[in-house]
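Data first, discussion second: the structure below is written as C-alpha cells.
Both ligands and their constituent atoms are indexed starting at 1 by order of listing. Hydrogens, waters and symmetry mates play no part in the numbers below; they use all other heavy atoms, side chains included. Every value quoted in this text rests on a predicted model; they were computed, and no experiment measured them.
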Amino acid sequence: MDHIRILTTGRGIASRTVTNDDLSKVVDTSDDWIYPRTGIHSRQICGEGESVCTLAEEAVGKALEKGKTRFGIREEDIGCVVGATISGATATPSLSCLVQQALHLPEQIPVLDVNAACSGFVYALEVARGLLCANGKRYGLVFGAEALSRLLDWQDRTTCILFADGAGAALIERVPEKEVPYGSFLAARGGTEIVCGGVNTEDPHIRMDGKAVFRFAVTVIPVAAEGALSLAGVPADAISHVICHQANARILGHVMRKSTIPREKFFQNISTAGNTSAASIPSALAQMEEEGLLKEGDLLLLVGFGSGLTYAGMVIGYGRKEAEDEKAE
Ligand code: COA
C-alpha cells in the first residue's frame with residue numbers, strides 16, 4: 001500500500017484571547033492553580049462571526065493556497081477531504097462537506113468527518129491514505145477543527161480551564177512506499193473517562209475524570225509512539241520533531257522525561273493554545289511551518305490520545321525531499 005506525506009499546512013486561530021485571570025472572574029480558580037497544573041496561560045476561543053466552520057475553512061484554505069504556490073496543486077487535483085472533529089456545527093452535513101462547498105472542491109471524491117476526539121487528526125490521515133490508495137488520486141486535504149467553547153460548561157472549573165477552539169489542516173500526497181517512511185498505529189480502549197453529550201442524561205457538556213485521563217495518557221503515549229516507529233521501520237533518532245496532542249504540559253513533561261528522544265525535539269504550544277482536541281496536532285504543525293521549524297524531508301512523529309478512549313501514533317514525512325535535493329544540484 002502506498003504511503004503519504006504532508007506537503008503544506010494551514011491553521012485558523014480563533015480571535016478571542018481568554019487568560020487564566022479572565023477565567024478567575026467567571027469561576028473559582030486562579031492562574032496560580034491553572035498554570036502549574038496544566039501549563040496553560042491563555043487560550044483562544046471563537047469571537048463574533050467565528051465558528052468551527054470558519055476556522056476549518058481558513059485552515060484548509062491556507063494549506064491549499066500554499067500547495068498552489070509551492071507545488072502547482074489545484075482544487076481539481078484533490079482526491080479526498082477528511083476532517084476530524086467532535087464539535088461540528090451540525091450533525092449533518094459533515095464539517096468536511098461544508099469546507100468542500102466553501103472552497104469549491106471537486107464533487108466526485110469522498111468527503112467525510114471522523115470522530116476520534118484528540119486522536120482524530122492522526123486517524124483522519126490514515127483514513128485519507130486508504131481513500132487515496134483506493135481511488136488512485138494523488139492529493140488529499142485532512143484537517144482537525146474544533147469549537148469546544150460551545151461544549152463547555154463555563155461553571156465547571158475542572159474542564160473550562162483546559163479546552164479551546166482552533167483548526168489546522170494538511171495537504172497530503174500519496175507516494176510509493178519506498179519514497180518515504182510511514183507508520184500508523186491506531187488504537188482505542190472503550191471508556192467514558194471523558195464524555196460529551198451524556199448517553200443517559202441530557203447533559204451536552206464535556207465532562208472528565210482528570211486523574212484517570214492523566215494516567216491513561218502517560219501509559220498510552222509511549223505505546224503509540226513506539227508502535228508507529230516500529231511500523232515505519234525507523235529508529236527514534238530518525239525523527240526530526242515530535243508533535244504530541246497538546247493536552248497538558250504535565251503530561252508532556254512526564255512523557256519527555258521517559259522518552260529516549262531529546263526533549264528539544266518535542267514541540268509545545270499549550271501555554272497559549274490550550275487543548276483544542278482534534279485541532280491541536282495540525283495547528284501545532286502549521287505554527288511550526290510558519291515559524292520555519294519544518295524542513296523538506298523531515299520525519300515527524302505525531303501522537304494523539306483522548307476521549308474514546310482513543311490513541312494513535314504516526315511517523316510521516318514532511319515536504320518533498322527531492323525538491324530540496326534538486327535545488328542543491
Ligand atoms: N481551580 C481551582 N481549583 C480546582 C480547579 C480549578 N480550575 N479544578 C479543580 N480544582 C480543585 C478540586 O475541586 C479539588 O479540590 P478538593 O481537593 O477541595 O476537592 C482540587 O482542586 C484537586 O482537584 P483534582 O481534580 O484532584 O486536581 P488534579 O491535581 O488531578 O488536576 C487536572 C486536575 C485536570 C489538571 C489533572 O487531572 C489533569 O491534568 N488531567 C488530565 C486532563 C487532560 O489532559 N484532559 C484532556 C485529555 S485529551
State whether any protein heavy atom lies less than 4.0 Å from [atom].
| atom | value |
| --- | --- |
| atom 26 (O) of ligand 1 | yes |
| atom 14 (C) of ligand 1 | no |
| atom 32 (C) of ligand 1 | no |
| atom 18 (O) of ligand 1 | no |

Give me the nearest non-hydrogen protein atom to [atom] as residue plus atom name, then the distance to 0.1 Å.
| atom | value |
| --- | --- |
| atom 46 (C) of ligand 1 | Asn275 ND2, 3.4 Å |
| atom 47 (C) of ligand 1 | Val213 CG1, 3.5 Å |
| atom 11 (C) of ligand 1 | Arg157 NH2, 3.6 Å |
| atom 1 (N) of ligand 1 | Thr29 OG1, 2.7 Å |

Could you tell me if Ser149 and Asp165 have a donor-acceptor pair between their side chains, going purely by distance under 3.5 Å?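 Yes.
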Residues Glu289 and Thr8: side-chain donor-acceptor under 3.5 angstrom: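 Glu289 vs Thr8: no donor-acceptor pair found between side chains.
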Relative to the heavy atoms of [X], which atoms of ligand 1 are at a distance of less than 4.0 Å?
| X | value |
| --- | --- |
| Cys118 | 48 (S) |
| Ile251 | 44 (O) |
| Ile161 | 7 (N) |

Test side-chain hydrogen bond (donor to acceptor under 3.5 Å, both in side chains) on Asn20 and Arg43 and set out the steps. CA-CA 9 Å; Asn20 293 344; Arg43 70 288 287 143; 2.9 Å; yes
Show your reasoning for whether side chain to side chain contact (heavy atoms under 4.5 Å, CB included) applies to Lys178 and His3. CA-CA 8 Å; Lys178 60 175 171 38; His3 289 173; over 6 Å; no
Evaluating non-hydrogen atoms only, which member of [options] is closest to [atom]?
| atom | options | answer |
| --- | --- | --- |
| atom 45 (N) of ligand 1 | Met208, Lys211, Arg37 | Met208 |
| atom 36 (C) of ligand 1 | Gly210, Ala247, Gly308 | Gly210 |
| atom 2 (C) of ligand 1 | Trp33, Phe216, Phe163, Phe305 | Trp33 |

OH/Tyr139 to CG/Asp77 distance, rounded to the nearest 0.5 angstrom?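 Here the rounded value is 6.5 Å.
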Under-4.0 Å heavy-atom contact with ligand 1, by part of Asp28 that carries it: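 For Asp28, only backbone atoms sit under 4.0 Å from ligand 1.
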Ligand 1 contact on Asn248 by region, counting heavy-atom pairs under 4.0 Å: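 Under 4.0 Å from ligand 1, Asn248 contributes side-chain atoms alone.
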Around atom NZ of Lys137, are there more than 12 heavy atoms from other residues, nucleotides or ligands closer than 6.0 Å?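 No, not enclosed.
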Counting only heavy atoms not in Glu264, do more than 12 fall under 6.0 Å of its CD? yes
Geometric N/O contact His245 with ligand 1, under 3.5 angstrom: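 Between His245 and ligand 1, no N or O pair is found under 3.5 Å apart.
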Can you find a heavy atom in the side chain of Phe163 that is under 4.5 Å from one in the side chain of Thr276? no
Examine Val303 and Phe185 and state if one hydrophobic cluster contains both, with Ile, Leu, Val, Met, Phe, Trp and Tyr joined whenever side-chain heavy atoms are less than 4.5 Å apart. yes
Is the centre of the Phe305 ring less than 6.0 Å from the centre of the His245 ring? yes
As a quick check of understanding, evaluate side-chain hydrogen bond (donor to acceptor under 3.5 Å, both in side chains) for Asn248 and Thr38, giving each step before the final call. CA-CA 5 Å; Asn248 184 312; Thr38 67; 6.0 Å; no
